[in-house]
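Start at 1 with the first residue, then count along the sequence. Values reported hereafter were calculated over all heavy atoms of this structure, with side chains retained and with hydrogens, waters and symmetry mates removed.
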Amino acid sequence: MNSRLIRQPLSWPQRLRVGLAIAAGRLTSLGLRAIGRGATALPGKLALGLDPLLLARLTADRQVFLVTGTNGKTTTVRMLCTILKQNQYTVITNPSGANLDSGLTTTLLDHLKDLRQGKDQAVALVFEIDEAFFGKLAASLNPSICVVTNFFRDQLDRFGELQHTRDLIAKGLAACKAKAVLCADDSLCASLGRDRQEEAFYFGMDKSAMQPQSADVTLESQYCSFCGARYQYTGMAYGHLGDFHCPRCGYSRPEPNLLFRAEGQPARSLPLSFSWREEYCSVNVPIPGIHNGYNAAAALSAVLAAGLPFHASAAALQHSAAAFGRMERFSIGTRDVCLILVKNPVGMDRALDFVAQASDLGGVMMLLNANDPDGRDVSWIWDVQFEHHLPEGKIGVSGVRCHDLALRLYYAGKTAGDLLTDPDHLSLFDRLLDACPENRCLYLLPNYTAMLDLRADLAKRYQLHAFWR
């Protein structure tokens with residue numbers, strides 16, 4: 001799309017079209033939310049139907065941050081927004097995770113007042129964007145910074161193998177002039193910066209904090225993107241993230257601009273230390289899990305690439321809060337409930353590892369759906385290392401494909417008596433909550449639409465905030 005055309009003055013028919021599109025979208029949003037619906041995509045879809053260029057028009061000449069990749073998009077966006085707000089920015093974002101063109105347009109329609117602020121007010125647009133749509137939309141959004149979190153196998157029936165997903169994002173980066181913020185420890189992600197060194201900013205784990213390669217680790221990106229040889233590792237973080245190098249062509253992990261390390265893994269927070277340009281800063285991030293160390297480093301890298309100060313921005317991470325369904329914790333009487341979204345093998349492995357180490361573990365419930373947003377193919381559950389991570393005792397299993405998941409857990413060593421299988425997630429939740437000891441936590445591990453369904457029901461019952469807020 002030619003961005004100069006977007007910036008030219010509108011003719012009278014174009015102004016009419018834009019006005020009608022905005023009015024239709026905003027009225028639809030108000031109507032849906034009046035009846036308790038999320039209104040995350042339909043208003044934008046209707047508006048784009050009236051003016052296909054509306055998204056590009058609304059983002060022209062703005063400071064735009066785009067966040068894409070497989071895992072961690074929503075949490076990284078939330079952390080990035082926190083840092084920007086602490087730096088006195090007005091931030092417009094899509095907190096619901098509606099990350100297609102329709103969802104992004106809905107978000108902007110909801111924040112027209114902020115968009116119309118004077119130029120003396122710093123306004124930042126921070127969008128999570130779907131991997132496939134990144135290639136189609138990146139150029140028209142004219143981003144300043146593009147963050148790519150990582151690449152893991154996800155929704156294979158939609159994306160195919162990892163190289164295809166990587167190529168989709170490479171297409172979007174090639175079509176825009178943004179600086180790319182990339183995970184140095186992910187060989188596929190880091191490869192995106194090889195031909196754009198001046199526009200690449202890398203983040204990664206301190207080598208001294210990595211572990212030796214485990215014999216049973218599943219490496220989803222095993223072969224060099226440039227010559228096809230098998231990578232060798234001198235240290236591992238998790239999955240295929242680590243200090244990699246190719247013994248044939250010499251391609252290796254680029255030196256990160258920003259390094260981080262986790263100083264322990266408490267159940268409710270994550271102490272992190274960062275180093276950048278020989279400066280150091282420590283902060284306690286209130287979202288646990290080493291994968292959230294990567295998310296925090298990605299968010300901090302984005303603002304550093306944009307020119308914001310290091311110490312103040314790193315310190316702002318202590319004000320972060322979990323996104324809905326991503327390490328989201330709330331209390332019910334004397335018990336806690338923690339929602340951890342899992343949607344692919346590495347995500348499930350990380351969640352199970354975290355739960356197994358939790359000192360407050362009082363029960364586990366897993367939910368598996370196979371709707372379009374999840375991917376219809378649930379064969380990924382056979383790639384999860386359940387055998388190494390399953391907690392002792394009973395496990396609740398629900399969702400549309402609960403019997404598939406129960407079968408996988410049975411093969412992983414759970415007996416039929418250990419598996420409480422019920423497609424009715426609320427009924428099963430009540431049973432497990434009753435069985436959870438006081439002052440302990442019931443951990444819920446759903447995939448995407450299962451999380452939305454369960455959380456919506458729990459929100460009504462326990463007055464949780466709406467997920468789009």
Side-chain angles (χ1 to χ4, degrees), residues 26-45 74-75 77-78 93-100 102-103 106-107 109-110 128 268 286-287 321-343 351 355 360 362-374 395-402 405 420-469:
R26 287 176 61 81
L27 286 172
T28 303
S29 181
L30 289 171
L32 288 172
R33 287 177 182 165
I35 60 174
R37 301 289 296 275
T40 58
L42 182 58
K45 185 176 182 180
T74 303
T75 300
V77 163
R78 197 172 181 99
T93 187
N94 51 334
S96 69
N99 54 20
L100 305 183
S102 55
T106 299
T107 297
L109 293 176
D110 288 341
E128 171 184 335
R268 293 175 180 264
I287 310 175
F324 73 97
R326 282 86 167 171
M327 291 288 182
E328 182 184 14
R329 183 183 286 257
F330 54 92
S331 296
I332 300 177
T334 58
R335 302 170 178 86
D336 278 357
V337 174
C338 184
L339 266 167
I340 308 175
L341 174 68
V342 291
K343 58 194 184 77
V355 169
D360 62 352
V364 177
M365 177 177 171
M366 301 181 190
L367 301 92
L368 181 67
N369 279 0
N371 299 318
D372 285 339
D374 307 302
I395 293 179
V397 186
S398 190
V400 174
R401 301 295 289 271
C402 59
L405 183 53
L420 306 177
T421 306
D422 188 344
D424 185 338
H425 59 241
L426 269 184
S427 174
L428 182 57
F429 172 83
D430 289 339
R431 290 168 60 193
L432 292 169
L433 188 64
D434 287 342
C436 180
E438 292 189 354
N439 302 314
R440 296 280 182 144
C441 182
L442 173 60
Y443 286 90
L444 310 177
L445 279 61
N447 67 341
Y448 186 65
T449 64
M451 182 269 290
L452 292 180
D453 292 343
L454 177 60
R455 195 191 183 286
D457 287 338
L458 296 180
K460 294 176 184 177
R461 184 187 286 184
Y462 301 111
Q463 291 76 53
L464 305 182
H465 64 79
F467 69 81
W468 60 82
R469 294 176 183 165

If you measure only the distance, is there a donor-acceptor pair under 3.5 Å linking the side chains of Thr75 and Arg326?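 Short answer, no.
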
Test item: [X] and [Y] side chains (from C-beta on) under 4.5 Å apart, heavy atoms:
{"X": "Ser29", "Y": "Leu109", "result": "no"}
{"X": "Met365", "Y": "His425", "result": "yes"}
{"X": "Ile332", "Y": "Leu458", "result": "no"}

Of all residues at least two apart in sequence or in a different chain, which pass the side-chain hydrogen bond (donor to acceptor under 3.5 Å, both in side chains) check with [X]?
{"X": "Thr449", "result": "Asn369, Asn371, Asp374"}
{"X": "Arg401", "result": "Asp404"}
{"X": "Arg461", "result": "Asp430"}
{"X": "Asp336", "result": "Arg268, Arg329, Ser331"}

Using the test side chain to side chain contact (heavy atoms under 4.5 Å, CB included), find all partners of Leu27 that sit at least two apart in sequence or belong to another chain.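 Checked Leu27 against side chain to side chain contact (heavy atoms under 4.5 Å, CB included); zero matches.
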
Under the rule for side chain to side chain contact (heavy atoms under 4.5 Å, CB included), what residues qualify as partners of Asp424, not counting sequence neighbours?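 Asp424: side chain to side chain contact (heavy atoms under 4.5 Å, CB included) contacts with Asp422, Leu426, Ser427.
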
Who are the salt bridge (Lys or Arg N to Asp or Glu O under 4.0 Å) partners of Arg440, not counting sequence neighbours?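 For Arg440, no residue satisfies salt bridge (Lys or Arg N to Asp or Glu O under 4.0 Å) once neighbours in sequence are set aside.
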
Partners of Asp457 by salt bridge (Lys or Arg N to Asp or Glu O under 4.0 Å), sequence neighbours excluded?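 Expected list: none.
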
Between Arg78 and Ala321, is there a donor-acceptor pair closer than 3.5 Å when you use the side chain of the first and the backbone of the second?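 Yes; judged by distance alone, with no hydrogens or angles, the pair exists.
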
So, the side chain of Thr106 versus the backbone of Gly44: is there a donor-acceptor pair under 3.5 Å, distance only?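 Indeed, once roles are kept as given, a pair shorter than 3.5 Å links the two residues.
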
